[in-house]
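Just so it is clear, the structure is predicted and the values come from calculations on it, not from any experiment. Heavy-atom basis, side chains included; hydrogens, waters and symmetry copies ignored.
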Amino acid sequence: MKEKIDLINKRLKALIPLSKKYHKELFAAANYSLQSSGKRIRPLLVLLTVESLKKDITEAIDPACAIEMIHTYSLIHDDLPSMDDDDFRRGKPSLHKAYSEWLAILTGDYLLTYAFEILSNAKKLSAAQKIELIKCISKYAGGDGLIAGQVADLSWEGKSIDLKKLEFMHFNKTATLFIAAIEFGCIIAKAKKDIKEKYINYAKNFGLAFQFFNDIAGNKKESSDKIHKKATAVSMLGLAKTKKLAFDFQKKALDILKSLPFNTDELEKITKQVSEKIS
Ligand code: GRG
């Protein structure tokens, strides 16, 4: 997996070269956020899906970077004072702290827009595949996807919510980009409809497991969720029930992988990794 992370990091760097133009700080800021200690789970999922479907990953690298840019934009905007107001991200000052609030907003806007440019220019993919990729990410990152999750998260802050609302938030804030990443892999590898459906179901379960494990890890420290009195799985269900649900979703994801007629060892590995620190 390390080789693939290196490929992603190298390409991310190449896609945003440092600039000497009047607005060079935009590109410096984008690099500041992108070249950090992110785990690169979503771009890895694109590459690992393509590889499991026995296709060359070369043409998947740019679409994988596009997803990482969209994820990074969402983190930059999430950290803003008007949203979660977080001073640190990926082990260093968040972008609005290191630069300025206005530049953080514009850098997020740039990464989101640039992701679509990268998808429309992706080499070796047909026009039909590029349209499919753009349709897919527009849906999962859009108003009924990632942004819906963020609206729910902010508007329900400090309020008591039911489990249905928590699931809505988790699904949209987290599972959507996991689904988009894995669907990207299926589109690039031209997977058949029934196979694609199985991969998407795997992604949904993995994404939900990831968010539940994230809530468990966040519960240990003075997290932003606690400061903002946000409902989390742990605050609503307690630690034991949250752990059970997290491991149930992870098991379902792993069972789906096992049912696929491909070598999914690497996807299995990454699915198991997310619970390594949870006992
Ligand atoms: C601003 C539209 C918009 C959305 C923001 C990303 C997000 C939605 C909120 C951040 C807070 C949060 C806990 C979101 C759930 C998704 C999640 C766990 C993000 C962190 O993903 P990792 O752990 O991060 O993969 P790295 O830094 O490793 O890439």
Side-chain angles (χ1 to χ4, degrees), residues 29-30 33-34 36 38-43 45 66-90 94-97 101-116 134-184 203-204 206-219 223-236 249 274:
S33 286
L34 276 174
S36 54
K39 297 181 289 297
R40 311 296 193 213
I41 293 181
R42 297 152 192 82
L45 286 175
I67 292 233
E68 183 64 13
M69 285 184 192
I70 291 177
H71 167 59
T72 304
Y73 119 75
S74 79
L75 297 177
I76 295 169
H77 280 190
D78 183 65
D79 290 338
L80 289 169
S82 59
M83 296 210 196
D84 265 15
D85 195 13
D86 276 319
D87 291 352
F88 290 92
R89 170 66 62 185
R90 292 173 161 172
S94 40
L95 191 62
H96 65 274
K97 285 278 164 189
E101 192 177 342
W102 63 264
L103 191 60
I105 295 170
L106 291 171
T107 305
D109 295 342
Y110 161 59
L111 289 174
L112 175 62
T113 313
Y114 189 34
F116 284 87
I134 289 168
K135 265 175 86 173
C136 168
I137 193 62
S138 312
K139 174 177 153 191
Y140 288 114
D144 278 319
L146 181 65
I147 298 172
Q150 184 72 346
V151 171
D153 180 281
L154 293 169
S155 54
W156 294 337
E157 223 172 77
K159 296 193 176 132
S160 102
I161 59 167
D162 60 19
L163 207 55
K164 229 172 127 191
K165 284 183 169 173
L166 183 80
E167 269 175 31
F168 176 88
M169 207 163 78
H170 276 186
F171 179 81
N172 286 295
K173 267 180 69 178
T174 311
T176 46
L177 285 193
F178 278 61
I179 300 172
I182 285 159
E183 201 170 322
F184 264 31
K204 206 160 118 184
F206 182 26
L208 290 171
F210 182 85
Q211 183 55 53
F212 276 95
F213 286 123
N214 197 59
D215 276 7
I216 295 166
N219 187 51
S223 66
S224 150
D225 284 350
K226 281 190 177 171
I227 295 162
H228 292 285
K229 296 195 172 57
K230 284 190 195 223
T232 68
V234 181
S235 71
M236 286 179 67
F249 280 123
V274 299

For Tyr114, ring-ring contact (aromatic ring centres under 6.0 Å, His included) partners two or more places apart: Tyr110

Within-4.5 Å side-chain heavy-atom neighbours: Leu146 and His71: no

Ion pair Arg42/Glu68, N-O distance below 4.0 Å: no

Contact check, side chains of Asp85 and Leu80, non-hydrogen atoms, under 4.5 Å: no

Residues His96 and Asp87: side-chain donor-acceptor under 3.5 angstrom: no

Check ion pair Asp78-Arg89 (N to O, under 4.0 angstrom): yes

Beyond-backbone contact of Asp84 with Glu157, side-chain heavy atoms, under 4.5 angstrom: yes

Any donor-acceptor pair under 3.5 Å from Ser94 side chain to Asp86 backbone: yes

Ala180: partners by side-chain contact (heavy atoms from CB on, under 4.5 Å), with sequence neighbours left out: Ile67, Cys136, Ile137, Tyr140

Carboxylate-amine/guanidinium contact Lys139 Asp144, below 4.0 Å: no

Results of ring-ring contact (aromatic ring centres under 6.0 Å, His included) for Phe184 - residues two or more places apart only: none

Rounded distance (nearest 0.5 Å) linking atom CD1 of Ile134 with atom OG of Ser138: 7.0 Å

Positive for side-chain hydrogen bond (donor to acceptor under 3.5 Å, both in side chains) with His170, one of Thr232, Asp215, Asn214: Asp215

Parallel, tilted or perpendicular: rings of Phe178 and Phe210 (30°, 60°): tilted

